[in-house]
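The structure appears below as structure tokens.
Scope of the values below: all heavy atoms of this structure, side chains included, with no hydrogens, waters or symmetry mates.
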Amino acid sequence: ADSAWLVAALLALILQTLEGLARDGIDPQMVEAAVNTIEFRLREQNTGSAPRGLWLMINALITWLHDRDPFAILAFAAPLEAIKGRLATGERYFENLIRRYLLDNSHRTTILLQPDPELGQREAAAEQARLDAARAAMGPAEIQAVVENTRELKRLQETPDSPEALATIPTLTPADLDRQNKTIPLEVDEEAGSRVLYHDLFTNGIIYLDVGLNLHMLPPEFLPYVKLFGRALLEMGTEQEDFVKLSQRIGRQTGGIVTSSFTSVVPGDPTSAAWLFLRGKATPEHAADLPAILRDVLLTVHFDDHARFRQIVLEAKARAEAGIIPSGHAVVDTRLRARFNESDWADEQMSGISYLFFLRDLAMKVDREWPVVLSNLEVIRRLLVNRAAMICNVTADAGDWAQFRPQLNRFLAELPTAPVTLSPWTPQFDRAFEGLTIPANVNYVGKGADLYQLGYRYHGSTSVITKYLRTTWLWEKVRMQGGAYGSFCSFDRQSGVLSFLSYRDPNLRGTLDVYDQAGRFLRAADLSETEVTRAIIGAIGDLDAYRLPDAKGYTSMVRYLVGDTDEARQQMRDEILATQAGDFHAFADWLEQVREQGQVVVLGGQSAIEALNAEHPGPLKTVRVL
């Protein structure tokens, strides 16, 4: 009955809202923002790490598969201009679409999804009953055939492919690989007392601007606020406009503004790199609008809208909880790495399990102690918005940069400046093995160690070896034979942390055993030249990942912030290309160190973690997450 009432209320609200839009019209600024946002997205064609040409081909299939013009969906300019022309005449274009296709359309379906906590048990019982019935109907010969088939499947899984079979797969050769890294142009300068990095790249007429706020200006207790502070800057409104009007202004005048955080170990420096970035983009015609918006959100945003900030906190809490199971391997990796260095500890405070616990507590404090929460937000703004401690990163071609540079200077000159006093962070690293419990039948298993603390000195062959482990030992043992959906081995060149991870894994103890046997596997591996070459090619593929201009500019800035020079990266490439079988065997000793001294963090069901706790040599501290 409650569900029926809720469905009826939601349907009434939806139809009432649509009717109001169709009758009274849509805010013209909202329409302008929507049209500009779509047009910017279509013209930019920012496909992230996916090659743009491949993405365009896939998009062409949308019409091509239905025997229509494959270029129709790519030729967006004419249809978009037609829509803009109709809007310019005052036509109620979108209102008419709402009326025709949503309100006057009687072909409507309502689907209600309701959670059923006993569904998994019923499905498991039904499956067991089906199997029992099938077995009861079999004769001895049929049962024996199933046993033999299972043995054969296991044999096939455990038997490596023959060299002849592997030779049939087309592959690159070392001669196909570039010997030199592709560098990204970088100029380091200063504007109004702030560091400015500039990358002269062809961007198809788009200016990309990243404004970085140094998080080391904050005392450590403010770190969990960072993501909420970033959202509040863009979602709470300013002195001149509420958050709806601000969102419309961003949509009308830019290609979007987002916030992101970045942390990393800086080799040779006890202080990590930790930044909050506001990342925006605009066309040259709106080059002045982008810094003007950033100026307003940094200086005049109103944090005192209690209801709006409360909504942001509750949304963040819901997203964090909803993301635990789908991204369990990332949760474990963040929690695991937080045990080894300041950078990863700070990242866990801002995005990991500690952050989730903070959000749950803040959801209550935002009502009970709102003046304190508001004061914290104001203190964070005062400490972070200091142009002497900021960095700006610009990616554009030379002509657009010459036009944009004076506007960037005026933006920075309006920001406050003060002596830069970095706040010391003294994280307390938890060394107890952890079992994070969730209501799930799958697990996420992590084990790792800081190899630099154990004495390892970086060599580029590590990228080749970890790639080989992922595609051979872990793939075969954790995924194919163990039944996990995924398995990973990664090494952070900046921090020295090596971690093993699994994704949606039915096992715990078995997977940890596989990790612990990785060193023995490498030491005994009889690697042919072909296998080594294949692993080298994979590592170079990761090194030469596809990047669009905005990603190139951001990547160059990150390298600058952590001191990752072109010379160091070229040495890494040289070492990758020179990797030999002996490097694999030598690295086995360091995997043995991970086996003996590595830290363990697992995320999974309560019963599975209790069973592991009973048999694991180092008892797990159980922490309930969901």
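Taking the charged nitrogens against the carboxylate oxygens, E434 and R339 do have a contact shorter than 4.0 Å, which makes a salt bridge. Using a 4.0 Å cut-off between charged side-chain N and carboxylate O, K84 and E39 make a salt bridge. A salt bridge is defined here as a Lys NZ or Arg NE, NH1 or NH2 lying under 4.0 Å from an Asp or Glu carboxylate O, and K245 with D27 meets this definition. E414 has no carboxylate O lying under 4.0 Å from a charged side-chain N of R410, or vice versa, which leaves the two without a salt bridge. Between D544 and K182, no side-chain nitrogen of the basic residue sits less than 4.0 Å from a carboxylate oxygen of the acidic one, so the salt-bridge criterion is not met. Using a 4.0 Å cut-off between charged nitrogen and carboxylate oxygen, R308 and D242 do not count as a salt-bridge pair. In summary, D550 and K281 do not engage in a salt bridge, as defined by a charged side-chain N under 4.0 Å from a carboxylate O. D361 and R368 are not joined by a salt bridge, as no carboxylate oxygen comes within less than 4.0 angstrom of a charged side-chain nitrogen. The pair R387-E191 does not count as a salt bridge, with every side-chain nitrogen at least 4.0 angstrom from each carboxylate oxygen.
Two residues are said to be in side-chain contact when any heavy atoms from C-beta on lie closer than 4.5 Å; R337 and S490 meet this criterion.
Atom CG of L577 is separated from atom CE of M572 by 10.5 Å, given to the nearest 0.5 angstrom. Atom CG of L377 sits about 7.5 Å away from atom CE of M236, to the nearest 0.5 Å. Atom-to-atom distance recorded for L415:CG and L299:CG is 5.5 Å, nearest 0.5 angstrom. Remark: L356 CG to K317 NZ distance equals 8.0 Å, nearest 0.5 Å.
Taking the six-membered ring for Trp and thresholds of 30 and 60 degrees, F262 and Y554 have ring planes more than 60 degrees apart, a perpendicular arrangement. Ring geometry, W275 versus F277: the interplanar angle falls under 30°, so the pair is classed parallel (tilted spans 30 to 60°).
Partner F303 forms a ring-ring contact (aromatic ring centres under 6.0 Å, His included) with one of Y225, F229, F309 and no other, that one being F229. A side chain to side chain contact (heavy atoms under 4.5 Å, CB included) with L215 holds for exactly one of I380, L276, L422; it is L276.
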Derivation and outcome, side-chain contact (heavy atoms from CB on, under 4.5 Å), residues Q494 and V266: CA-CA 7 Å; Q494 299 301 123; V266 180; 5.9 Å; no
Working for side-chain hydrogen bond (donor to acceptor under 3.5 Å, both in side chains), residues E32 and N36: CA-CA 6 Å; E32 183 184 352; N36 179 70; over 6 Å; no
From CA spacing to verdict: side-chain hydrogen bond (donor to acceptor under 3.5 Å, both in side chains), R547, T555: CA-CA 9 Å; R547 292 185 180 92; T555 298; 3.2 Å; yes
Worked verdict on R405 versus D189 for salt bridge (Lys or Arg N to Asp or Glu O under 4.0 Å): CA-CA 11 Å; R405 187 167 187 168; D189 211 332; 2.7 Å; yes
Verdict with reasoning, R360 to E321, per salt bridge (Lys or Arg N to Asp or Glu O under 4.0 Å): CA-CA 10 Å; R360 288 172 175 168; E321 290 175 338; 3.0 Å; yes
Intermediate values then yes/no, ring pair (Phe, Tyr, Trp, His ring centres under 6.0 Å), Y503 and Y444: CA-CA 5 Å; Y503 181 72; Y444 305 85; 5.6 Å; yes
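Across all their heavy atoms, K365 and V373 have their closest contact at O-CG2, 4.1 Å. For S351 against K227, the heavy-atom pair with the smallest separation is CB-NZ, 3.5 Å. Scanning all heavy atoms of the two residues, the minimum distance from P291 to A287 falls at CD-O, 2.9 Å. Of all heavy-atom pairs spanning A288 and Q407, the tightest one is N-OE1, 3.7 Å. Contact between A388 and A418 at its shortest, heavy atoms only, is CB-O, 3.6 Å. D333 approaches S499 most closely through the heavy-atom pair OD1-OG, 3.2 Å.
The local environment of CZ in R310 is sparse, with at most 12 non-hydrogen atoms from other residues, nucleotides or ligands closer than 6.0 Å. The number of heavy-atom neighbours closer than 6.0 Å to CD of Q240, taken from other residues, nucleotides and ligands shown, is 12 or below. By the neighbour-count criterion of 12 heavy atoms within 6.0 Å, atom CH2 of W55 is sparsely surrounded, having that number or fewer from other residues, nucleotides or ligands.
In this structure, F429 has its ring center at least 6.0 angstrom away from the ring center of W345.
Judged purely by atom type and a 3.5 angstrom limit, S272 has no side-chain atom pairing as donor or acceptor with the backbone of A274. The backbone N or O of Q248 sits nowhere less than 3.5 Å from a side-chain atom of Q253 that would complete a donor-acceptor pair. Q45 places a side-chain N or O within donor-acceptor distance of the main-chain N or O of L42, the cut-off being under 3.5 Å. A donor-acceptor pair under 3.5 Å is formed between the side chain of N181 and the backbone N or O of R569.
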